[in-house]
Amino acid sequence: MSEPAVEEKTLKGISASPGICIGKAYLVDKGGVDVVKKYYLKGKKIKSEINRFKAAVKKAKDEIHTIIENSPEELQQAHILETHLALLNDKLLYGKTIEIIEKEGVNAEWALKRVVSNLNSIFQNMIDSYLKERALDVAHVSDSIMRNLVGVEPEDIAAIDKRVILVSDDLSPAQTCQINLERIMGFITNRGGKTSHTGIMAQALEIPAVVGLVNATTAIKNEDLIIVDGNTGKVIVNPSEPSLVEYEERKSQYEDYKVGITRESHLKAETTDGVKLEVMANIELPEEVVAVKNYGGDGIGLYRTEFQYMNRAEFPSEQELFDKYRDVVEVMAPKSVTIRTLDINGDKAVANHTSYDEINPALGLRAIRYCLKKPDVFKTQLRAILRAAAFGRVRILFPMISAYFEICKVKKLLDQAADSLEKEGLPYNREIDIGIMIEVPSAVVVADSLAEKVDFFSIGTNDLIQYALAIDRGNRHVADLYQPLDPAIIRMVKQVADVSKDKGIGVFMCGEMAATPHHIPLLLGMGMDELSMNPQSIPQIKRVIRSLNVKDSQSFVREALKKKTARGVFELSRDAFGGTLSEVTFS
Ligand code: PEP
Ligand code: MG
């Protein structure tokens, strides 16, 4: 009897790294660390249980050290593993587990499981999707301890000896680090989002990845033929002959396209009528400067500094911050580096400082509000930034300014930080451009008065859309309403651009809106001076800019502003620029 025909099916996830690969699935086993039994211990047994736990942590650390030592040079992101080492020492994870074993007399696996589930709920309640995904780091670290406790070896990714696509519930950065590019074509996972570390690493390795598929490990069997389309976030399981032919074709087209845009990424982003734009990069980690350079970034338009405040018991010292900033500034010199001050609900960033819960954290003590309440923490960072500014071109950017008095207070503190450095005779530079993020609707309304206090505005559409349209940026139930082309948003962006021109200050955009090709005519026509985005998108956006002219873009803006819906704006853009954009981008 012949085998029943296998049906093609399509899974939809989140594209984490672009590209297309076609190959056999390889399911990565989690090794049964999810099922944990509880049992009680007494007397001396408690002490030896604690020692067993300590030994498992020590082994996890040794494993990470070995992986770091053996990581390929080009995988700069190996430093992510250093944060895992720090997590292994964290009081909240390490100390708390020991405390539970001791106080409740339970086994180490059970205590660890409880601690991790508490930590998860702390991270899950965070407003920032980037921070939310740090819950995954906790999961990866605890999985490795758990494996050592229950005595199962982790799947050895480095030992895979066939050309395959990895299919996993989740891949830890440690596992991703072991990917051998000659064997692993790409990977897909059930968990993870756009900003998960695994995605960041896939981008660094330049292999296609789709994450957040929810049920990939149940829908796909070992050896199934799959197509991973990292450009659209689609995975096709058991593709039919026509799908295979179609995707082989798309794959080779995409590869040609990438070679083309990368070759020209160092060219200027100049429109056909001679207007030059700076196309800058958004980074979260100092090590990303390598990608910024490779992708032809004209500088760093947004350096998110939150990362250094996470996964640790204490705030970083001025020296530590200074060293990190200086590295970035020196590597990028003479190009600009825009350092954004801490944008976080600090009490949650440094979890053991937690003193209260916020019912509505997105509207709470976040970013600049937190810094103004904690001037010492803020001044430490300001001093580090001013000191780093002595080593290259630095601009400082303040997040979530919603009122004039805030920028006045901020500037006073900046002056105080500079004065203290002067007194101490430390090298610093106070002649740096000062900017604010425009990401709260009230800042749009009073942009004219804010402009008097700063050198530039940087429009943060990620939050501006969330606050203006009242849509939680991390809530998938309202994700379809999150529309950058909504008439309310484009009018706001226009208003900010007009005020900036009027007041003679720079106007930049560093929200994700700037990384989408079909938004570019609008942004060009409104007169943005600079766009900043994830490094990967830079070559494509530079090419788009080179294909457009400002005059046409300006008349497009006039028409677009008459539209009443996001759809209407999109259709207008497609009719006017669809042909040009499809010639220069990959769609
Ligand atoms: C934004 O809000 O658009 C932005 C760039 O900042 P973040 O995504 O870090 O909030
Ligand atoms: Mg923001």
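Numbering of ligands and ligand atoms starts at 1, following listing order.
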### Query
Going by the order shown, which atoms of ligand 1 are within less than 4.0 Å of some heavy atom of Arg366?
10 (O)
### Glu512 near ligand 1 by a heavy-atom separation under 4.0 Å
no
## Note on the structure
Hits for salt bridge (Lys or Arg N to Asp or Glu O under 4.0 Å) against Lys12, two or more places apart or cross-chain, chain-then-number order -> none
### Message
What I want to check is whether the side chains of Asn282 and Ser532 have a donor and an acceptor closer together than 3.5 Å.
### Response
yes
### For ligand 1, the portion of Ile459 having any non-hydrogen atom under 4.0 Å away
neither
## Note on the structure
The answer for which part of Thr461 has a heavy atom under 4.0 Å from ligand 1 is backbone
### Message
Only heavy atoms of Cys510, strictly under 4.0 Å: list the atoms of ligand 1 that pass.
### Response
5 (C)
### Numbered atoms of ligand 1 (with element) below 4.0 Å of Arg304, judged on heavy atoms
5 (C), 6 (O), 7 (P), 8 (O), 9 (O)
## Note on the structure
Counting heavy atoms under 4.0 Å, the part of Arg340 that contacts ligand 1 is side chain
### Message
When you measure from the centre of the six-membered ring of Phe322, is the NZ or CZ of Arg387 closer than 6.0 Å and no more than 45° off the axis?
### Response
yes
### Query
Any side-chain donor paired with an acceptor under 3.5 Å for Gln381 and Tyr325?
yes
### Pairs where residues 398-409 contributes a residue and the test side chain to side chain donor-acceptor pair (under 3.5 Å) is met, not counting sequence neighbours
Ser402-Glu406
### Query
Which ligand 1 atoms are under 4.0 Å away from a heavy-atom of Glu439?
1 (C), 2 (O)
### Task
Check ligand 1 against Leu302 and write out every atom of the ligand that is under 4.0 Å from a heavy-atom position of the residue.
5 (C)
### Query
Is there any salt bridge (charged side-chain N to carboxylate O under 4.0 Å, His left out) pair reaching into residues 444-470, and which pairs are they, with sequence neighbours excluded?
Arg366-Asp463, Glu452-Lys503, Asp463-Arg473
### Message
So that I know where these two stand, are Phe508 and Phe456 an aromatic pair - ring centroids less than 6.0 Å apart?
### Response
yes
### Message
Less than 4.0 Å is my threshold; does some heavy atom of Glu306 fall inside it relative to ligand 1?
### Response
no
### Pair Gln308, Lys324: side-chain N/O donor-acceptor within cut-off below 3.5 Å
no
#### Entry: Shell of protein N/O/S atoms around the Mg ion (ligand 2), taken as anything under 2.8 Å
Glu439 OE1, Asp463 OD2
### Query
Which heavy atom of Arg340 sits nearest a heavy atom of Thr305, and at what distance?
O-OG1, 2.7 Å
### Message
In the structure I gave you, are the side-chain heavy atoms of Met528 and Val507 within less than 4.5 Å of one another anywhere?
### Response
yes
### Message
Looking at Leu213, is its backbone amide N or carbonyl O close enough to the side chain of Asn190 to form a donor-acceptor pair, meaning the two atoms are under 3.5 Å apart?
### Response
no
